[in-house]
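To start, the structure itself, in structure tokens.
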Amino acid sequence: MTRPPNRSEALYARIYALVKQIPPGRVATYGQIARLVGRCSARQVGYAMAAMPSGSGVPWQRVLNSRGEVSRRSQGQGDRTQRRLLEMEGVRFDDRGRVNLREAGWPGPDADEPDPFGDL
DNA sequence: AGATTGACTGCAT
DNA sequence: CATGCAGCCAATC
């Protein structure tokens with residue numbers, strides 16, 4: 001049979017699958033996704049996002065950096081679009097353009113629902 | 001095969 | 001809390 005799929009492709013598929021599990025109004029970090037996927041660094045997650053075709057159904061806008069901020073893109077105004085999409089979902093940014101990960105952070109794939117007592 | 005870049009992160013200053 | 005530097009893995013030249 002043909003040779004097995006490249007590790008990179010499987011890795012990308014994993015990343016996309018996890019990002020798809022992030023519920024609206026929540027955000028995750030590159031490092032968080034990387035750890036959930038395993039054997040993957042945050043850079044690969046960012047790279048996967050950049051290599052992802054538009055319209056793939058992946059809520060890429062819900063992935064932020066470890067500081068809870070929208071990462072600056074090398075090209076285009078994608079970062080602006082990302083922030084707008086998140087605000088539209090109810091994610092609030094402070095004056096410095098940062099999101100409170102303690103509040104809007106995605107708990108994980110096993111807790112896709114926010115806790116009812118999530119008030120600190 | 002070596003060097004450079006990239007939607008990153010953690011630690012030191 | 002802002003800035004700087006090293007580590008990180010894959011893609012591109």
Side-chain angles (χ1 to χ4, degrees):
Chain A
M1 57 213 157
T2 62
R3 57 196 165 76
N6 291 344
R7 190 178 55 181
S8 317
E9 293 200 17
L11 200 61
Y12 280 26
R14 280 288 164 112
I15 293 169
Y16 299 151
L18 269 169
V19 174
K20 281 179 187 168
Q21 292 177 54
I22 306 174
R26 293 265 167 176
V27 293
T29 67
Y30 296 98
Q32 183 180 0
I33 300 298
R35 290 203 179 202
L36 288 170
V37 170
R39 302 217 169 90
C40 171
S41 68
R43 277 225 151 124
Q44 266 51 316
V45 177
Y47 208 95
M49 294 292 118
M52 178 173 49
S54 50
S56 52
V58 179
W60 56 271
Q61 64 269 23
R62 292 176 195 146
V63 184
L64 307 179
N65 63 28
S66 62
R67 293 156 86 177
E69 189 179 51
V70 174
S71 293
R72 207 159 169 219
R73 238 83 70 226
S74 331
Q75 227 169 30
Q77 298 180 328
D79 54 327
R80 189 105 185 91
T81 303
Q82 179 172 8
R83 176 166 175 170
R84 200 177 67 227
L85 285 168
L86 287 175
E87 286 182 320
M88 198 160 51
E89 289 183 358
V91 178
R92 304 222 298 160
F93 288 79
D94 61 17
D95 287 340
R96 287 158 62 233
R98 300 211 308 212
V99 175
N100 185 347
L101 293 178
R102 304 268 210 177
E103 189 176 305
W106 182 44
D110 291 323
D112 50 5
E113 291 218 12
D115 49 78
F117 303 99
D119 61 336
L120 291 200

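In the text below, chain A, chain B and the rest are named by the order of the sequence lines, each starting its count at 1.
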Exercise. Looking across every strand, which nucleic acid part, if any, lies under 4.0 Å from A:R35 by heavy atom: base, sugar-phosphate, or nothing?
Worked result: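 Counting heavy atoms under 4.0 Å across all strands, no contact is made by A:R35.
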
When the distance from [atom1] of [X] to [atom2] of [N] is rounded to whole Å, what number comes out?
X     : N      : atom1 : atom2 : answer
A:I15 : B:dG6  : CD1   : P     : 19 Å
A:Q75 : B:dG6  : CD    : C1'   : 12 Å
A:I33 : C:dC9  : CD1   : P     : 18 Å
A:D94 : C:dC1  : CG    : C1'   : 13 Å
A:Y47 : C:dC9  : OH    : C1'   : 11 Å
A:E69 : C:dA2  : CD    : C1'   : 12 Å
A:Y12 : C:dA10 : OH    : P     : 9 Å
A:L11 : C:dC9  : CG    : P     : 12 Å

Look at the side-chain N and O atoms of [X] and state whether any lies under 4.0 Å from the OP1 or OP2 oxygen of [N].
X     : N     : answer
A:S66 : B:dT9 : yes
A:R67 : C:dC1 : no
A:R39 : C:dC8 : no

For this session: With DNA chain B as reference, determine whether A:Q44 or A:T29 sits nearer its 5' end, using the nearest nucleotide of each.
Result: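 It is A:Q44, whose closest nucleotide lies nearer the 5' terminus.
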
Can you confirm whether [X] sits close enough to [Y] that some side-chain heavy atom of one is under 4.5 Å from a side-chain heavy atom of the other?
X      : Y      : result
A:S71  : A:Q82  : no
A:L18  : A:W106 : yes
A:E103 : A:R92  : no

For this session: When you get a sec, tell me which of B:dG6, C:dC1, B:dT9 is the closest nucleotide to the side chain of A:R96?
Result: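 Comparing B:dG6, C:dC1, B:dT9 against the side chain of A:R96, the answer is C:dC1.
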
Problem set entry | Atom pair OG/CH2 of A:S54 and A:W60 - distance to nearest 0.5 Å |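 A:S54 atom OG to A:W60 atom CH2 measures 9.5 Å (nearest 0.5 Å).
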
Exercise. Does CZ belonging to A:R73 count more than 12 external heavy atoms closer than 6.0 Å?
Worked result: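 Counting other residues, nucleotides and ligands, CZ of A:R73 exceeds 12 neighbours.
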
